[in-house]
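Below you'll find the structure, written out as structure tokens, and then a few comments.
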2 protein chains.
Amino acid sequence: MKRADSTKKRIMDVAESIILQKGFASTSIEEIIQQAHITKGGFFYHFDGKSELAYGLLNRYLSADDEFFNDLFSRARELTEDPLQQMLLFLKLLAEAMLALEDTHPGCLVAAFTYESQQFDHSIIETMKKGTLAWRALFSEQLSVIMASRKPRLAIEIDELADMLSAVLEGGIILSRILTDRHVLASQILQYRNYLRLLFENSIEVRTDD
Amino acid sequence: MKRADSTKKRIMDVAESIILQKGFASTSIEEIIQQAHITKGGFFYHFDGKSELAYGLLNRYLSADDEFFNDLFSRARELTEDPLQQMLLFLKLLAEAMLALEDTHPGCLVAAFTYESQQFDHSIIETMKKGTLAWRALFSEQLSVIMASRKPRLAIEIDELADMLSAVLEGGIILSRILTDRHVLASQILQYRNYLRLLFENSIEVRTDD
DNA sequence: AATTTACTATACCAAAGGTATAGTAAATTA
DNA sequence: TAATTTACTATACCTTTGGTATAGTAAATT
């Protein structure tokens, strides 16, 4: 078990990287094993097939993502007690983290799979759905705490506001990739941050919706 | 030329639909010709290969998209003279249009290609880039007119604010697909609309950034 | 009548996914 | 320390199918 230590991880790292560049369908097992320096037999020892690889990658991605967000939230919560300031700080840290990525281009496995969804089975689709709802829950939770003490200037649905962060991230990634400029992604996160500031910061007057 | 009249369009319609469901790589010519009721030879008469199809689809998509946005802007401009109200109305019409789509699920060809970009040649990537910059230009133009008469409550870059609409659309589409609920997309457009309202509507006081 | 358009019908090849089998060095367990 | 399991390498093979090429043809156009 010593030799293997990192083989499976290396396969997954290589596979994820290639998939984010060219999509799942056109990523061949051949290419994966070449870049991971193993043989086909080695690949099939760790994964029953390509579908199992997809499933494994997706689960690992969602876990890492969840940990990453929670870590940023923890750091933000250490520095301030005000829920709004925590969220604003979280977004600042997030934007900085996106700029500091060592990857050539940012990418989200869930988004990559979304546009190839028909080739995946039900369990993968369900996992993607659960992952997306987990993001919603994570952001909603913090927004709820904010709203417990502050009234937004416009009537909003918490879930929609939470989803907007996911949307801005997914969309920002796409724009960043097309324009080959990760500053686009960072700036979008800060736009969302602005929106929250306008909604919640230093209430001047509560305006009704239309 | 009479027989062909609509064949090429039918091929493209079928292809676009399948590609948005399962991605470009895993969309086989076989499947396209079956659904379009032609033979392989017929397909290659119209397109030199799969790459040419991608190129044709992308250009058609970008043209249609441009026309669609401009049409909505025209309708909005007929109803009000205030640039901000025009933009807010445009977004309302856009959100309604997204709900009224007859497609099973919304999709953007540019986004679909983005996560498979490595398999496309330079000209396609360039076209995607130009298309994205065209969206930025289109939205920036209207935002500039708004800012000519109104000061935003927070300092913002027009291009970033323009990109945010593209990002929200792309991200909203992805979320809608994952959650199989197009209301998510519509609601995200309206969130962006809220952001513009908070930035520009009825200036109460001009706040400085930080 | 000649040519071009818009196809149909066949055939073919390389690539890839997946499976199967034989072998082996290292680690674990008994 | 012997037996077994883990974690692989190395080959080979089968089948599917994506992509391309070529030959032929009916209808429309010139």
Side-chain angles (χ1 to χ4, degrees), chain A residues 1-58 60 112-113 115-121 123-124, chain B residues 1-58 60 112-113 115-121 123-124:
Chain A
M1 207 193 259
K2 192 176 279 179
R3 261 187 313 167
D5 240 15
S6 60
T7 302
K8 189 169 182 178
K9 180 186 183 321
R10 201 172 65 247
I11 295 174
M12 293 177 85
D13 288 344
V14 164
E16 184 175 310
S17 166
I18 302 176
I19 288 170
L20 287 176
Q21 293 290 325
K22 49 203 296 185
F24 181 74
S26 48
T27 296
S28 68
I29 294 178
E30 200 61 41
E31 195 175 354
I32 294 171
I33 65 177
Q34 274 172 27
Q35 288 195 28
H37 306 294
I38 48 155
T39 60
K40 221 168 192 177
F43 176 87
F44 278 92
Y45 172 75
H46 289 290
F47 301 98
D48 278 353
K50 229 183 156 190
S51 306
E52 288 304 310
L53 172 66
Y55 196 68
L57 284 176
L58 184 60
R60 188 181 74 148
F113 283 6
Y115 275 103
E116 296 184 87
S117 56
Q118 223 194 40
Q119 69 192 284
F120 298 114
D121 56 36
S123 71
I124 288 197
Chain B
M1 207 192 261
K2 193 176 278 178
R3 260 186 313 165
D5 238 16
S6 59
T7 303
K8 190 169 182 177
K9 180 184 181 325
R10 200 172 67 247
I11 294 174
M12 293 178 84
D13 288 345
V14 165
E16 184 175 312
S17 166
I18 302 176
I19 288 170
L20 288 176
Q21 293 289 325
K22 52 203 293 185
F24 182 74
S26 49
T27 296
S28 69
I29 295 179
E30 198 62 41
E31 195 174 355
I32 295 171
I33 65 178
Q34 274 173 25
Q35 289 195 29
H37 305 293
I38 48 157
T39 60
K40 227 167 191 177
F43 175 87
F44 278 92
Y45 171 77
H46 290 290
F47 301 97
D48 278 353
K50 229 184 157 190
S51 306
E52 288 304 310
L53 171 67
Y55 197 68
L57 284 176
L58 184 60
R60 188 181 74 149
F113 283 6
Y115 274 103
E116 294 184 87
S117 57
Q118 222 194 43
Q119 69 192 285
F120 297 114
D121 57 36
S123 70
I124 287 195

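Atom set for the values below is all heavy atoms of this structure, side chains included, hydrogens, waters and symmetry mates excluded. Throughout, protein chains are lettered first and strands after them, A, B, ... in sequence-line order, and every chain is numbered starting at 1.
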Between [N] and [X], is there an OP1 or OP2 to side-chain N/O distance shorter than 4.0 Å?
X: Ser28(B); N: dG19(D); answer: no
X: His46(B); N: dA6(C); answer: no
X: Thr7(B); N: dC7(C); answer: yes

Please name the pair of heavy atoms, one in [X] and one in [Y], separated by the smallest distance, quoted to 0.1 Å.
X: Met12(B); Y: Leu57(B); answer: O-CD2, 3.4 Å
X: Ala112(A); Y: Tyr115(B); answer: CB-CD2, 3.6 Å
X: Ile124(A); Y: Ala54(A); answer: CD1-CB, 3.7 Å
X: Ser26(B); Y: Gln119(A); answer: OG-NE2, 3.1 Å

Rounded distance in Å - [atom1] ([X]) to [atom2] ([N]):
X: Leu53(A); N: dG17(C); atom1: CG; atom2: C1'; answer: 13 Å
X: Glu30(A); N: dA14(C); atom1: CD; atom2: P; answer: 16 Å
X: His37(B); N: dA6(C); atom1: NE2; atom2: P; answer: 20 Å
X: Phe44(B); N: dT5(C); atom1: CZ; atom2: C1'; answer: 19 Å
X: Lys50(A); N: dA15(C); atom1: NZ; atom2: P; answer: 16 Å
X: Ile33(A); N: dT19(C); atom1: CD1; atom2: P; answer: 15 Å
X: Ile18(A); N: dA16(C); atom1: CD1; atom2: P; answer: 12 Å
X: Gln34(A); N: dA16(C); atom1: CD; atom2: C1'; answer: 12 Å

Only pairs with both distances under 3.5 Å count, Watson-Crick or wobble alike; so what is the partner of [N] in this structure?
N: dA30(C); result: dT1(D)
N: dT30(D); result: dA1(C)
N: dA10(D); result: dT21(C)
N: dT15(D); result: dA16(C)

Checklist outcome for this item: Which of dG18(C), dA9(C), dT9(D) is nearest the side chain of Lys40(A)? It is dG18(C)
Item to check | Of the listed nucleotides dT6(D), dG19(D), dT5(C), the one nearest the side chain of Tyr45(A) | outcome: dT6(D)
Next on the checklist: Please classify the nucleic acid contact of Thr39(B) as base, sugar-phosphate, or nothing, using heavy-atom distances under 4.0 Å.
Outcome noted: base
Next on the checklist: What's Ser51(A) touching, base or sugar-phosphate or nothing? Going by heavy atoms closer than 4.0 Å.
Outcome noted: nothing
Next on the checklist: Taking the nucleotide of DNA chain C with the nearest heavy atom to each, does Gly41(A) or Ile29(A) sit closer to the 5' end?
Outcome noted: Ile29(A)
Checklist entry - Taking Asp13(A) as the fixed residue, which of Lys8(A), Arg60(A), Gln35(A) is the one that meets the side-chain hydrogen bond (donor to acceptor under 3.5 Å, both in side chains) rule? => result Arg60(A)
